[in-house]
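Take a look at the structure set out below.
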4 protein chains.
Amino acid sequence: MRLKEGNKEQDILNAAVEIFAKHGYHKAKIRDIAEKANVAVGSVYVYYNNKEDILLKIFENIWEPLYKELKKIYENPQLSFRQKFDYLIDLVFDCFIEEPYKAQVFVNEQNFLRKKSPKKFTNYYELFMRTGEKIFKKGIEAGVYNEVDISIFKRFILGGLRDLLLEWANKPNPTNLNNIRESVKFFCKKGILKKK
Amino acid sequence: MRLKEGNKEQDILNAAVEIFAKHGYHKAKIRDIAEKANVAVGSVYVYYNNKEDILLKIFENIWEPLYKELKKIYENPQLSFRQKFDYLIDLVFDCFIEEPYKAQVFVNEQNFLRKKSPKKFTNYYELFMRTGEKIFKKGIEAGVYNEVDISIFKRFILGGLRDLLLEWANKPNPTNLNNIRESVKFFCKKGILKKK
Amino acid sequence: MRLKEGNKEQDILNAAVEIFAKHGYHKAKIRDIAEKANVAVGSVYVYYNNKEDILLKIFENIWEPLYKELKKIYENPQLSFRQKFDYLIDLVFDCFIEEPYKAQVFVNEQNFLRKKSPKKFTNYYELFMRTGEKIFKKGIEAGVYNEVDISIFKRFILGGLRDLLLEWANKPNPTNLNNIRESVKFFCKKGILKKK
Amino acid sequence: MRLKEGNKEQDILNAAVEIFAKHGYHKAKIRDIAEKANVAVGSVYVYYNNKEDILLKIFENIWEPLYKELKKIYENPQLSFRQKFDYLIDLVFDCFIEEPYKAQVFVNEQNFLRKKSPKKFTNYYELFMRTGEKIFKKGIEAGVYNEVDISIFKRFILGGLRDLLLEWANKPNPTNLNNIRESVKFFCKKGILKKK
DNA sequence: GATGAATGAGGCTTCATTCAT
DNA sequence: GATGAATGAAGCCTCATTCAT
């Protein structure tokens, strides 16, 4: 039989990330994805059921490693809660540092996709959020974190990160991203008001 | 019931906010907007050049009052920087507290619209951001705020607020919004780490 | 407002009959129907939900008058059973005598459509068949017709008519159709075996 | 279970009959046929040039034995014309009595296929029809059959049989088919009108 | 022969926008 | 201004067929 040529499945996914990032999911055309992947239009449908399926796969690929890494942080007894917070932030940034297109898709399409297909959206997102929540909860119990409303705080943090990622992704530059990362850590930990 | 007063322009805008919120800008149909507004499809084009034009108007209507109110806060010598921060947060929440549909459009469509038509996007957004920046700058100079990177901080705050607004808008409830508001103020000012 | 120009709904239907007849339902293209009707492709969807909907309408238009006329025959006390049979046959032939395209669609697409969308298929078909059945039943009770199995006989007759209609429709010619009509009447009434 | 004996060609044909029957020729997918035949898609094209070719082969397989059997009837001097008619009807029913799928394909696809590819359609069909015609002609000359228009009568009979076969094939049951068979013989021979 | 990955032409349908009244 | 019928470009997806192994 005819063997698989190269890795079309991955090529298509990479192309989709770029096309979705540049034009947005709705304006992105399957034809453009296929062309970018050096693949025929029909081949896209050999590997994915439809356009939405591609986007779902992209988010699966984002949230699965994020969750798995966060789990390690959560379960690591060596780390202080201060460190755990820093590492959580690092995790998100590291996920996108070399991949601004992925960052754009992540920021721009998640809300839409979760609303449209909540059943199909990757479970790793929920797992990630719950694990983050558990870290905060333990940190509060340990008296290290302030007694914030965790469910609100976690959304706030993630939302803030998203906007920063997007801005960076429009003019990607690793140095900037590291500046951003440290700034975020600083004011998430210290807040805006100077200690007296 | 109040009789139709012939303010079709506003009826269409209100309808558009709801339809955009429910289906997203791209999936929203002009026909649905017209129906919701009790207006013929053609009438939509009497008042707006095209679909995008409606969305631009919605954002104009959001950012103009936000900017104007923020300017008052900025210029008010009576307010401490601590208060100014609180008021800034209140401003954003008050803008949406009775209008979850508006919140959803605000959160979901701004990035897309700014990217697609940066020239046409309301200037009040930039004015608002710059004014916020000036408040922070002065607060830092006054030694009240920590020396955060303002351009990063402002995006972070706004991003965090957006995600929270969206979550709330999916199950709108004024009490919740006020809880969220106070939580946000707390940890933006204090940070997550407890003072020793 | 813009008024309806001519009668596009009917134009489209007429065009569809011709295109369906020539190419068959499955190979028929909406574009060809639109062109034949001197109408834009989109206009087809102003009047019909989809391709199948057009075909359903065609069969509605065939079976509704057939049923209504047959009902008159059934209820007419002036007619002998011998006449009723002749009139039934005439009814079907008259329905198609000037319209070979309609005959082709009638013959070629009914089975498919009934199988695909039994719920949406016109009720007049069932009504027609039941009325025909009632005529035969009464004719048998009156001792005029042989005691054939009606449910079988009615299908046989209709099936035979269909094939004849199709052959005629491929080379339409009113004279032929009248020959066919009289032949059918003859052997349906007398059978193939000569009376001794 | 009998082990696979490697008769892919026949397996594919059998699978095609079932798939064509269930979905209709146009909606039938080569992939489904291949799956049903436990064969790879490509293998279908080892044995058949294309989809239409499969259908042509199915009809060849139907009409060839029909013709050959009818020829025997025609040439058999032992049989009365009365018997010849009965045997003709039996022939058609026997062809499908164990194979409702084949009946469905026979009824639903012949018109389409003959129209689309008259050149490629099996010659045995024409031979069958001509032989049937000859039987009737001789029966008329012998004064046994009524002087019907043979070319019309043969189409009528065949059309009637088709509709009955289809109805039966949708709910196959050998007993019913034998009832149908006898009914058909009865009224084809006697007609609907009772002898006075 | 056997396989199934790869292809790409083609069609149905949608829907923002236009325009005649 | 108001209307809604009419338009037609554009895109997702299907699937028969091909072909490299």
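Chain letters run A, B, ... following the sequence lines, proteins first and then strands; every chain starts at 1.
For the pair A/D32 CG and F/dG11 C1', the interatomic distance rounds to 11 Å; values are reported in whole Å. Counting to the nearest Å, the P atom of E/dG11 and the CD1 atom of C/I33 are 12 Å from each other. Between the CG atom of B/D53 and the P atom of E/dA16 there is a distance of 14 Å, rounded to whole Å. Remark: P of E/dG11 and OH of C/Y45 are 12 Å apart, rounded to the nearest angstrom. To the nearest angstrom, C1' of F/dA16 lies 10 Å from CD1 of D/I54. Atom P of nucleotide F/dT14 and atom CZ of D/R31 are separated by 11 Å, given to the nearest angstrom. Rounded to whole Å, atom P of F/dG1 lies 13 Å from atom CG of B/N7. Atom CG in A/N49 sits about 13 Å away from atom C1' in F/dC12, given to the nearest Å.
For D/Y47, a side-chain nitrogen or oxygen approaches OP1 or OP2 of E/dA2 to under 4.0 Å.
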Please report the C-alpha distance between D/Q110 and D/I58 in whole Å, then the side-chain angles of each, then the deciding distance to 0.1 Å, and finally whether the side-chain contact (heavy atoms from CB on, under 4.5 Å) criterion is met. CA-CA 10 Å; D/Q110 164 145 336; D/I58 291 170; over 6 Å; no
For a salt bridge (charged side-chain N to carboxylate O under 4.0 Å, His left out) check, start with the C-alpha distance between C/E109 and C/K116, then their side-chain angles and the critical distance, and finish with the verdict. CA-CA 11 Å; C/E109 313 300 348; C/K116 196 190 167 206; over 6 Å; no
Report the C-alpha distance between B/E52 and B/S117 in whole Å, list the side-chain angles of each, state the deciding distance to 0.1 Å, and finish with yes or no for side chain to side chain donor-acceptor pair (under 3.5 Å). CA-CA 9 Å; B/E52 186 186 300; B/S117 300; 2.6 Å; yes
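Here the side chain of D/K8 is nearest to one of E/dA2, F/dA16, F/dT3, namely E/dA2. When each of F/dT7, F/dA16, F/dG1 is scored by its nearest atom to the side-chain atoms of C/S43, the top-ranked nucleotide is F/dT7. The listed nucleotides are E/dT17, E/dT13, F/dA16; the one nearest the side chain of B/V41 is E/dT17. For D/V46, taking side-chain heavy atoms from C-beta onward, the closest of the listed nucleotides E/dA6, E/dC12, E/dT3 is E/dT3.
The only option from D/F20, D/F121, D/F112, D/Y124 that meets the ring-ring contact (aromatic ring centres under 6.0 Å, His included) definition with D/F59 turns out to be D/F121.
With DNA chain F read from its 5' end, the first of the two nearest nucleotides for A/H26 and C/V39 is the one closest to C/V39. Nearest-nucleotide positions on DNA chain E place C/G42 closer to the 5' end than the other of C/G42 and B/G42. Where D/N50 and A/I30 each meet DNA chain F at their nearest nucleotide, the meeting point lying more 5' is that of A/I30.
Across all strands, A/A34 comes closer than 4.0 Å to no nucleic acid atom at all (heavy-atom distances).
Partner assigned to E/dA20 is F/dT3, using Watson-Crick or G-U wobble distances below 3.5 angstrom.
Judged by the 6.0 Å distance and 45° axis criteria, C/K57 is not positioned over the aromatic ring of C/Y48.
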